[in-house]
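Start at 1 and go down the list; that is how both ligands and their atoms are numbered. These values consider heavy atoms only, across backbone and side chains, with no hydrogens, waters or symmetry-generated copies.
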Amino acid sequence: MKPIFFVTKPLPDIGIDRLRRVGEVRIGKAQGSLSEKEIVAGAADCLGMMVTPAEQITKRVLDQLPQLKAISTYSVGFNHIDVSECTRRGIGVGNTPDVLTAATAELAITLILSVARRVIEGDRMVREGRWRGWEPVDFLGVPVVGKTLGIVGAGRIGGRVARMAAGGFDMPILYSARTAKPDLERDCNARRAELEDILKQADFVSIHAPLTDETHHMIGETQLQMMQPTAILVNTSRGPLIDEPALIKALKDGTIAGCGLDVYEKEPDLAPGLADLPNVVLLPHIGSATMETRSKMAIMAAENLLAAADGKKPPHCVNPEIYP
Ligand code: NAP
């Protein structure tokens, strides 16, 4: 009998076609997050499930899917999956690192430039017909070239942002990570620092650490108070790394100058007041959203799912310890 795979949302065909060569594929709805009930109904009788960061794969979901052998997430982040519970049950979990690194790093740089140079405010003024012509003191932003960039979580994406910023914008780099990054230090003259020192010294702070129990709300009121009033904060990692109400307060009272966000605490909802602020740029979680990147992610996610469903270690595995 052919295995059945549940894919929670429509993905590029190139990935779905690979699954169809092996088994039957059920695809969830195109828009909006699936509820627990919809995930469980969709994945009933399935050997494997491909998910996105929009679905929460909790112990309760897993309890209702005892036949499941494989979970593949169409993302590098896997905070939406209870991995330790999967490991306990022998469910292989795969993710999609590397192929989205450049796209997400580009988006972090885009946010830095957009906030610094007030791109969205300017665009809005032109579109709304409020522009009256060149003015000597309108839309004064802050320069990016030569300013200090703090990278919180200098892994694949953070490291790439550092290289783009140092190479393209002559930005001195401060970084934090659990382990030292000698290549980054050698190639970009980057300096490892405590979070507190990064926040105090950087003109721009870009967040790239994964969402874990340890990093949840790692940027809250205390940390925002450490930043310079001219500083700009950018987050393309996961929303809950920042305490959103504290961020809104800091943006309102001038504790920091601006921020650019691709991710939010309670996606797709925004904390009250965030969208009313002029000094923020808000994107709809599009870090990896290029056709090239998403196609590569679809292939990788399909290969991970097929391997784990076949009892083999996925090529990109989050819980390799379950395999001999
Ligand atoms: P990665 O290579 O694992 O990098 C994460 C970095 O964070 C590592 O350098 C790690 O240190 C560091 N880190 C872990 N805990 C930390 C802590 N408590 N304090 C400071 N640094 C810490 O992951 P990645 O591929 O760069 O992806 C990073 C995150 O980006 C993902 O988890 C995902 O949530 C997010 N993401 C978002 C989008 C989007 O669409 N916006 C797209 C892709 C990814 P070590 O190197 O020492 O382990």
Side-chain angles (χ1 to χ4, degrees), residues 9 11 51-56 73-81 83 93-112 114 150-165 173-185 188 190-199 202 205-220 223 233-242 259-265 267-268 281-294 296-298 300-301 316-320:
K9 284 175 183 291
L11 308 179
V51 304
T52 76
E55 292 93 37
Q56 295 299 318
T73 184
Y74 185 63
S75 62
V76 66
F78 48 84
N79 51 282
H80 51 293
I81 302 171
V83 175
V93 181
N95 70 339
T96 62
D98 301 318
V99 289
L100 43 58
T101 295
T104 311
E106 281 172 1
L107 201 81
I109 296 284
T110 303
L111 282 171
I112 288 171
S114 304
I151 301 279
V152 179
R156 288 171 291 241
I157 298 169
R160 186 63 77 90
V161 173
R163 285 167 198 276
M164 289 176 179
I173 307 292
L174 298 173
Y175 78 92
S176 70
R178 292 173 303 185
T179 52
K181 307 294 173 200
D183 289 0
L184 206 60
E185 293 178 16
C188 302
R191 188 160 62 77
R192 192 173 176 203
E194 295 298 328
L195 176 62
E196 193 175 319
D197 294 323
I198 292 177
L199 295 171
V205 175
S206 191
I207 310 285
H208 301 284
L211 175 58
T212 62
D213 290 345
E214 196 192 335
T215 62
H216 182 266
H217 281 192
M218 77 191 296
I219 306 293
Q223 290 71 27
L233 178 66
V234 162
N235 187 11
T236 54
S237 182
R238 287 288 181 262
L241 272 80
I242 299 179
C259 89
L261 302 175
D262 185 42
V263 288
Y264 306 88
E265 264 206 274
E267 293 181 16
V281 173
L282 306 174
L283 297 180
H285 200 152
I286 53 169
S288 65
T290 70
M291 194 59 212
E292 247 175 63
T293 298
R294 290 278 167 91
K296 287 180 186 162
M297 289 166 66
M300 196 180 256
H316 297 90
C317 188
V318 165
N319 55 350

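- Residues that satisfy the salt bridge (Lys or Arg N to Asp or Glu O under 4.0 Å) test with Asp98, not counting sequence neighbours, are absent from this structure.
- Not a single donor-acceptor pair under 3.5 Å links the side chain of Thr101 to the backbone N or O of Ile157.
- Remark: Glu196 engages Lys200 in a salt bridge (Lys or Arg N to Asp or Glu O under 4.0 Å) (not counting sequence neighbours).
- In this structure a side-chain-to-backbone donor-acceptor pair under 3.5 Å is missing from Asp262 to Thr236.
- Near ligand 1, residues Val76, Gly77, Leu100, Thr104, Gly153, Ala154, Gly155, Arg156, Ile157, Ser176, Ala177, Arg178, Thr179, Lys181, His208, Ala209, Pro210, Glu214, Thr215, Met218, Thr236, Ser237, Arg238, Asp262, Val263, His285, Gly287, Ser288 come within 4.0 angstrom through at least one heavy atom.
- Residues passing the side chain to side chain contact (heavy atoms under 4.5 Å, CB included) test with Thr293 are Leu100, Ala103, Ser288, Thr290, Met297, sequence neighbours excluded.
- Counting non-hydrogen atoms of neighbouring residues, nucleotides and ligands closer than 6.0 angstrom, the CZ atom of Arg163 exceeds 12 such neighbours.
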